[in-house]
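Below is one structure; the comments refer to it alone.
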There are 2 protein chains.
Amino acid sequence: MTIKDIAKESGYAVSTVSRALNNHPDVSAEAKERIAQVVARYGFVPNSNARQLKQQQSSNIVLIVKGISNLFFSGIVEQMQNLISSNGYSAVVHYLSEEADEVLVAGQLCREHKPLGLLFLGGNAENFERRFGQIETPSVLVTAPGKNLDFPNLSSVGIDDVAAGREAVDYLFAKGHQKIGIIGGRLCRSQISQLRFEGCRQSFLNHGQELREEYFQIASFSYAGGYRAMQELMLRCPAISAVFCMSDIMAVGAIRAAQDAGKRVPQDVSVIGFDGIELGRYFCPRLATIQQPQGELAQISVELLVSHIEKNTPVRAVPVQVRLLEGESVRAL
Amino acid sequence: MTIKDIAKESGYAVSTVSRALNNHPDVSAEAKERIAQVVARYGFVPNSNARQLKQQQSSNIVLIVKGISNLFFSGIVEQMQNLISSNGYSAVVHYLSEEADEVLVAGQLCREHKPLGLLFLGGNAENFERRFGQIETPSVLVTAPGKNLDFPNLSSVGIDDVAAGREAVDYLFAKGHQKIGIIGGRLCRSQISQLRFEGCRQSFLNHGQELREEYFQIASFSYAGGYRAMQELMLRCPAISAVFCMSDIMAVGAIRAAQDAGKRVPQDVSVIGFDGIELGRYFCPRLATIQQPQGELAQISVELLVSHIEKNTPVRAVPVQVRLLEGESVRAL
DNA sequence: CTGAAAGCGCTTACAG
DNA sequence: CTGAAAGCGCTTACAG
């Protein structure tokens, strides 16, 4: 069943059928009607490969997501998909491992599939600096620091990771904690870890302390990563009374490790996470966390992208605000 | 940059370039070499729209997933993506809401994109009975009851939901519980809920009880759904000492509701979940649950699909086994 | 408002 | 082993 069959069946030429199918203005009401009937009768759907080949682009917006098991991202992806559909485009999700070079992959995807736009969830500024210049597709970098990235087709939306990291540790100091541990990603490999760590350092300085190396423990962004890191930290620095984890998932793992070591949270040790995923509000104890605004992130990114695609509006770097959720996992000393 | 440019640059005809690109046997080593160099120099990637249009099909295997926030599915999706890539195909994930008709959407996707194969994660037998006949693409129905579905291009892989539901409740009886509540999906709309419920009913009968209607509470498959359902249940049947939730996510919500009502889990009320997601092993208390074998489900489904595509092996209905994880959320009375 | 025709970038018989 | 040519199913100037 092709457009040719529809043409034959309806008595119109293929060009007219094509125009009717695409809602072009100059098609008579009668032609529209008759063609619609035939289309409906056969449940015809145009072959998108042919259409896209001809048009030299698809109607797809590709989401490039680093880490499928990232609960924080999956909440955003869900909302983005809805927004993209309601704008008349199709969302295609492409998952990458944490280590993959998202910009390299994006370049290949563009040549292969000619998407209309790209949404990067997570990503490293270094990769963008190195090879984003080759990509001409309108893009938005979401929840990754896009500062200093100056490309005519790259917007960014995200929080201030330094300020957010500082806020987390400030909160622990405000609650009277003095021995504060940090669990986060490898600084040389994860830019957000680096920035949040810098925020921690500032908070320590502001409170008259220096952030000693042994108080920081590297972990992968997973339950198991948080678990092992907390074990290490408790062993190495048993005096620690509070820990800041750079993701809620890590915080869940860390809390479990504390409990398995016979410590209660928050009575014996306090934990604050980062992201504000839904799980945190059901976990026991409810997670204290720095919440990123998922809804805003999704909405602003899609808006920026769509208006760039449709109206060629200039790119922007839009900051969004975090919010401290107190939860139940931090106690005042 | 097209195959034509590569042809010009390398001095060969487009047909030779195409053959070289696709690793066809009868291309001279020299031609292969020279063409590969040009391809590498320009970072050329063939336009997949053109290729797929010509070949009348893509190299895509489409995953149709009901519910993006379904943690149980996302674990499987991750593994499937790896397996699909390592078999030389590309995985495309398409998320649907719980209410969508997956078979209707699949039909459209097939006409539009001509995928090589379809993997359904979740789905309702009724939808398949009604319109799967129109789909000719090799397919596998994963983790949804495919019994009695007799199509020459539909395999299925999944657990025995009746037996699994029975096992969950049997376990609670074995631990001495007598007043047992059930939280699950709407029976008329969710087939797995129906089957698991039937298993519960059998367990009750085997233990000389009848499963009374008020002991069952409908919920959506979410944290919030489990939370509200547990509130209802505690209000309506305060004598209940144990609850079986038809998903781990629901169980997390239910436990939180119990604790917010001042009850400890498992001391005051026991909870067992279903699925065996990673979170359950870090939640406090560790979740008792009926674990579905994610790895096996992913592996067997992809194997069935690929061998059907490549060697036209006949379809099969493969059962997999669940495993009871005791966790810490159920106590013996 | 409608139709005939060119062409998007590939693949693949067919001929040599 | 290589090349010239047809054609996949669409869209879109162009002509009328």
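A, B, ... follow the sequence lines: proteins, then strands. Residue 1 opens every chain. These numbers come from a predicted model, not from an experiment.
DNA chain D contains the following stems of three or more consecutive Watson-Crick or G-U pairs, with both distances under 3.5 Å: C:1-3 with D:14-16, C:5-12 with D:5-12, C:14-16 with D:1-3.
For Gln37(A), the side-chain hydrogen bond (donor to acceptor under 3.5 Å, both in side chains) test picks out Glu33(A), with sequence neighbours left out. Ser86(A) pairs by the side-chain hydrogen bond (donor to acceptor under 3.5 Å, both in side chains) definition with nothing, not counting sequence neighbours. The side-chain hydrogen bond (donor to acceptor under 3.5 Å, both in side chains) check on Ser222(A) picks up Ser220(A), with sequence neighbours excluded. Residues forming a ring pair (Phe, Tyr, Trp, His ring centres under 6.0 Å) with Phe73(A) (at least two apart in sequence, or on another chain): none.
Non-hydrogen atoms lying under 4.0 Å from DNA chain D are contributed by Thr2(A), Ile3(A), all within residues 2-10 of chain A. For the segment residues 30-48 of chain A, the set of residues with a heavy atom within less than 4.0 Å of an atom of DNA chain D comprises Phe44(A), Pro46(A), Asn47(A), in numerical order.
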Between the protein and nucleotides 13-16 of chain D, which nitrogen or oxygen pairs come in under 3.5 angstrom?
unit_1, atom_1, unit_2, atom_2, d
dA13(D), N6, Arg19(A), NH1, 3.4

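Computed from coordinates, the Leu53(A) CG to dT12(D) P distance equals 12 Å when rounded to whole Å. Distance CD (Gln52(A)) to C1' (dG9(D)): 12 Å, rounded to an integer number of Å. The distance from atom CD of Glu112(B) to atom P of dG9(D) is 15 Å, rounded to the nearest whole Å. In this structure, Asn49(B) places its CG atom 11 Å from C1' of dC10(D), rounding to the nearest Å. Separating the NZ atom of Lys114(B) from the P atom of dT11(C) is a distance of 18 Å, rounded to the nearest angstrom. What separates CG of Asp26(B) from P of dT11(C) is a distance of 15 Å, to the nearest Å. Here dC1(C) presents its P atom at 14 Å from NE2 of His24(A), a figure rounded to the nearest Å.
Around CZ of Arg189(A), the count of heavy atoms belonging to other residues, nucleotides or ligands within 6.0 Å does not exceed 12. Around the CZ atom of Arg316(B), the shell of radius 6.0 Å holds no more than 12 heavy atoms that belong to other residues, nucleotides or ligands.
Residue pairs meeting the side-chain hydrogen bond (donor to acceptor under 3.5 Å, both in side chains) criterion with at least one partner in residues 132-145 of chain B, sequence neighbours excluded, do not occur; the list is empty. The list of ring-ring contact (aromatic ring centres under 6.0 Å, His included) pairs with a residue in residues 106-137 of chain B, not counting sequence neighbours, reads Phe120(B)-Phe128(B), Phe128(B)-Phe132(B), Phe132(B)-Phe151(B).
With rounding to the nearest 0.5 Å, the separation of CG in Leu53(A) from NZ in Lys54(B) is 12.0 Å. With rounding to the nearest 0.5 Å, the separation of CG in Leu305(A) from CG in Leu119(A) is 5.0 Å.
Note on Asn22(B): only backbone sugar-phosphate atoms sit closer than 4.0 angstrom, heavy atoms only; bases stay farther off. Ser28(B) comes within 4.0 angstrom of sugar-phosphate atoms only, judged by non-hydrogen atoms across all strands, and of no base.
Side-chain N/O atoms of Thr16(A) include one lying less than 4.0 angstrom from OP1 or OP2 on dG3(C).
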N/O donor-acceptor pairs under 3.5 Å from side chains in residues 12-28 of chain A, not counting sequence neighbours:
unit_1, atom_1, unit_2, atom_2, d
Asn22(A), OD1, Arg51(A), NH2, 2.8
Asn22(A), ND2, Ser18(A), O, 2.8
Ser28(A), OG, Ala31(A), N, 3.1

Extract all donor-acceptor atom pairs below 3.5 Å that involve side chains of residues 39-47 of chain A and protein atoms in other chains or at least two apart in sequence.
unit_1, atom_1, unit_2, atom_2, d
Tyr42(A), OH, Glu9(A), OE2, 3.1
Asn47(A), OD1, Asn49(A), N, 2.7
Asn47(A), OD1, Ala50(A), N, 3.1

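For Ser85(A) (side chain) and Gln81(A) (main-chain N/O), a donor-acceptor pair under 3.5 Å exists by modelled atom type.
For Leu118(B) against Ala106(B), the heavy-atom pair with the smallest separation is CD2-CB, 4.1 Å.
If Gln55(A) and Ala50(B) are placed on DNA chain D by their nearest nucleotide, the residue sitting closer to the 5' end is Ala50(B).
Within 3.5 Å, no donor on the side chain of Lys54(A) pairs with an acceptor on the base of dG9(D), nor the reverse.
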